[in-house]
Amino acid sequence: MKKQIQLVSIIIFAFCMNIIAQENAGLTLPTGFKANLYANNIGSARHITITKSGIVFAKLNNPNKEGNAIIRLEDTNNDGIADKINGFAKYGGTGIFVKGNSLYASSNEAIFKYELDSKDEVLNPLTPHTIVSGLLDRRQHNSKSITFDKGNNIYVNIGAYSNACQEKDRMPGSQGMMPCPILDSAGGIWKFDGTKENQTYKDGKRYATGLRNVLGLDWNTETNQLYVAQHGRDQLNSFYPNLYSDAQNAELPAETFYEIKEGDNAGWPYVYYDPSQHKKIVSPEYGGDSKKEGSAEFKEPVVAFPAHMAPMAVLFYTGNQFPAKYKNGAFISFHGSWNRAPLPQEGFFVAFVPFKDGKATGEWEIFANGFAGMENGTKVANPNKAKARPCGLAQGPDGSIYVSDDTKGAIFKISYNK
Amino acid sequence: MIQFLMNGEINKQINCTVKIVSKFTLLFCFLILALWGNAQNKINGKKIYETRCLVCHQADGGGVPNMNPPLDGSTNVQGKDIVRLVKIIRNGYDERVALDGMYYNNAMTANPDLKEDAIADVLSYIRTSWSNKAGLVTISQVKAALFKNKAAKK
């Protein structure tokens with residue numbers, strides 16, 4: 001009997017601890033903010049977008065068990081949890097964006113458009129319009145993340161299918177190609193007309209170049225400019241152990257956030273950004289020695305983040321729910337690193353970049369942390385051990401923000417308690 | 001005389017025992033050497049893993065989702081096709097192939113400078129580490145695989 005009581009109390013204790021641990025869905029947030037699990041286990045949720053009526057659409061990297069790769073989520077009783085969930089589309093991908101009554105979604109080589117009715121139900125789930133096709137997909141960096149300007153122009157990332165544009169990718173001693181031929185069709189942001197069907201490269205325009213891979217991009221509607229967050233190169237220590245130690249590689253190069261004007265060149269593969277020297281440094285594949293400064297023609301970042309954390313989405317906050325300091329600032333989700341090994345990994349959080357008078361201050365802070373689910377703040381040793389990895393970001397009509405996770409497919413809703 | 005005979009028998013017995021003991025000692029030494037050799041191979045394999053493989057495949061062999069495939073629990077890694085494994089280590093790998101039902105996007109680095117014994121050691125380490133319980137890989141298996149690899153390249 002005693003034993004039974006003991007057992008029951010242990011179970012009750014464990015249950016209570018579980019509830020305490022799951023407060024704010026396990027996330028750590030600034031004072032006054034709360035979080036809850038809006039959805040879970042929907043599949044590898046990459047980017048998300050939200051309609052004016054609050055319907056969430058998530059793009060899955062791969063079709064889920066039901067064979068669907070776009071998921072529509074609705075919270076019909078307004079308790080902060082999606083209770084009506086269904087899906088369509090058979091192609092995996094990353095990009096998704098609601099523009100007016102249209103829903104745009106990308107595979108790894110094309111962009112499709114769906115029509116929404118007055119209830120934000122998809123009218124043509126099986127027969128989308130092909131807006132752009134034939135974009136390069138050579139496996140590496142193939143996510144076609146998308147955003148729109150205030151008009152009808154789509155900006156799409158076409159990532160470089162290479163680490164550093166070597167003659168042989170990720171081969172020790174292989175030189176960088178000069179000029180890098182990849183940049184003709186990838187390694188940049190392309191601009192297309194969102195209203196025209198059946199476009200391909202010749203119909204679009206290379207809007208910015210020298211960007212290795214951009215998952216996070218958003219239009220700053222306050223200043224009317226595109227902002228992108230780049231995934232910096234990998235493996236400086238693996239290929240150049242004489243120039244870079246494991247510890248140096250863990251901090252090099254910075255993950256960079258750029259304010260983009262048409263025609264800008266961010267310098268990949270010729271340079272990378274060193275956050276401790278505050279300089280663009282010539283890549284070792286192009287004759288760099290870890291100190292030689294790169295050409296001034298290449299763009300300076302507005303914020304330099306720690307290396308390898310993998311920025312996945314950018315969201316300019318235009319809502320009124322959060323405190324004033326967040327207005328027109330940028331949230332950036334970080335997937336979490338792998339190339340800091342053998343050192344512990346970093347990232348697995350959502351950062352906030354404050355803006356003042358339309359310019360990034362250069363500062364940044366962690367906004368939401370704890371996605372990886374590590375006990376007592378321990379570092380993630382291997383990214384495959386993280387319970388969730390932040391990916392997509394979107395703002396709801398009430399000013400809450402949503403964060404998706406592409407491991408099991410959680411969606412977190414973060415709100416401010418007025 | 002009796003004593004002499006006895007001594008002779010004792011001598012014979014001693015001789016015999018010595019022979020048996022020395023045979024056992026020899027066997028024992030071989031066993032120790034073999035075990036020590038295996039341990040050395042494993043240490044060497046681990047060292048190669050840490051300097052060349054860990055950065056992508058991670059310390060626990062779990063890889064990176066969507067990017068670098070796991071080695072721990074992998075059907076191919078624990079499979080019988082040693083030639084394929086040797087080729088991947090020597091030539092690198094960059095093909096769209098499902099591995100245990102998942103796709104991975106990063107290209108694998110080639111290791112043209114890794115010697116036969118080093119390839120055997122690192123493969124043996126990978127095939128017997130974490131939850132993996134496959135057989136060790138011998139230098140002669142690696143030699144045979146590299147011979148086929150060379151022939152295929154010509």
Side-chain angles (χ1 to χ4, degrees), chain A residues 44 46 60-62 92 94 108 137-143 159 161-164 166 168-174 213 215 231 234-239 241 244 246 249-250 308 310 312 335-345 380-386 388-389 391 405-408, chain B residues 45-74 77 87-115 118-119 122 125-126 129-132 153:
Chain A
S44 49
R46 299 282 277 181
L60 306 188
N61 208 16
N62 302 297
T94 292
N108 291 330
D137 169 10
R138 294 200 184 160
R139 296 173 57 237
Q140 201 176 167
H141 307 147
N142 59 3
S143 299
Y161 46 92
S162 171
N163 177 39
Q166 291 166 284
K168 280 193 169 174
D169 187 32
R170 295 180 198 258
M171 188 78 77
S174 175
N213 191 26
L215 267 291
H231 284 212
D234 308 321
Q235 293 177 291
L236 284 166
N237 60 334
S238 307
F239 305 140
Y244 305 92
D246 289 350
N249 174 71
H308 311 302
M312 299 304 279
H335 214 203
S337 63
W338 61 268
N339 193 214
R340 293 176 74 97
L343 278 75
Q345 306 299 348
V380 178
N382 305 328
N384 57 66
K385 291 288 185 297
R389 303 182 77 187
C391 190
D405 142 60
D406 64 352
T407 56
K408 292 192 187 71
Chain B
K46 186 170 194 272
K47 218 166 106 186
I48 296 162
Y49 183 80
E50 284 169 354
T51 47
R52 301 208 180 210
C53 321
L54 181 147
V55 61
C56 297
H57 295 288
Q58 304 290 307
D60 65 356
V64 181
N66 304 317
M67 305 190 86
N68 310 321
L71 304 176
D72 181 22
S74 155
V77 165
K87 279 184 180 173
I88 288 173
I89 289 187
R90 176 51 69 86
N91 308 337
Y93 199 74
D94 190 8
E95 281 170 43
R96 191 193 294 268
V97 168
L99 300 169
D100 294 316
M102 298 294 286
Y103 288 90
Y104 300 89
N105 285 347
N106 274 1
M108 166 147 162
T109 307
N111 294 275
D113 57 326
L114 261 194
K115 299 263 174 351
I119 294 179
V122 76
Y125 174 76
I126 290 166
S129 290
W130 316 297
S131 70
N132 289 350
K153 277 188 173 174

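Order of the sequence lines sets the chain letters (A, B, ...), proteins ahead of strands, with each chain counted from 1.
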Decide, yes or no, whether a salt bridge links A:Lys385 with B:Asp60 under the criterion of side-chain N to carboxylate O below 4.0 Å.
yes
If one checks every heavy atom of B:Tyr103 against chain A at 4.5 Å, the contacting part turns out to be neither
Shortest non-hydrogen contact between B:Ala110 and A:Met171, atoms and distance
CB-SD, 3.2 Å
Please state whether the side chain, the backbone, both or neither of A:Phe239 comes within less than 4.5 Å of a heavy atom of chain B.
side chain
Among B:Asp94, B:Asn66, B:Thr51, B:Asp113, who wins on heavy-atom pairs under 4.5 Å with chain A?
B:Asp94
Hey, which of B:Asn68, B:Val64, B:Asn111 has the most heavy atom pairs under 4.5 Å with chain A?
B:Val64
When every non-hydrogen atom of B:Gly63 is compared with those of A:Asn384, the smallest separation belongs to O-ND2, 2.6 Å
Of all heavy-atom pairs between B:Val55 and A:Ser238, which one has the smallest distance, and what is that distance?
CG1-OG, 3.8 Å
With sequence neighbours excluded, what pairs up with A:Asp246 under the salt bridge (charged side-chain N to carboxylate O under 4.0 Å, His left out) test?
none
Does any heavy atom of chain B fall under 4.5 Å from the side chain of A:Arg340, the backbone, both, or neither of them?
neither
Side chain proximity check, A:Pro383 to B:Met67, heavy atoms < 4.5 angstrom:
no
What distance separates B:Asn106 CG from A:Asn339 CG, expressed to the nearest 0.5 Å?
9.5 Å
Tell me, with the steps shown, if B:Arg96 and A:Asp137 meet side-chain contact (heavy atoms from CB on, under 4.5 Å).
CA-CA 11 Å; B:Arg96 191 193 294 268; A:Asp137 169 10; 3.3 Å; yes
Any idea which heavy atoms bring B:Ala107 and A:Arg170 closest together, and the distance?
O-CD, 3.5 Å
Show the nearest heavy-atom pair for residues B:Cys56 and A:Gln235, with the distance to one decimal.
SG-NE2, 3.5 Å
Looking only at heavy atoms, what is the nearest atom pair of A:Pro172 and B:Thr109, with distance?
CD-CG2, 3.4 Å
In the structure I gave you, are the side-chain heavy atoms of A:Pro342 and B:Leu54 within less than 4.5 Å of one another anywhere?
yes
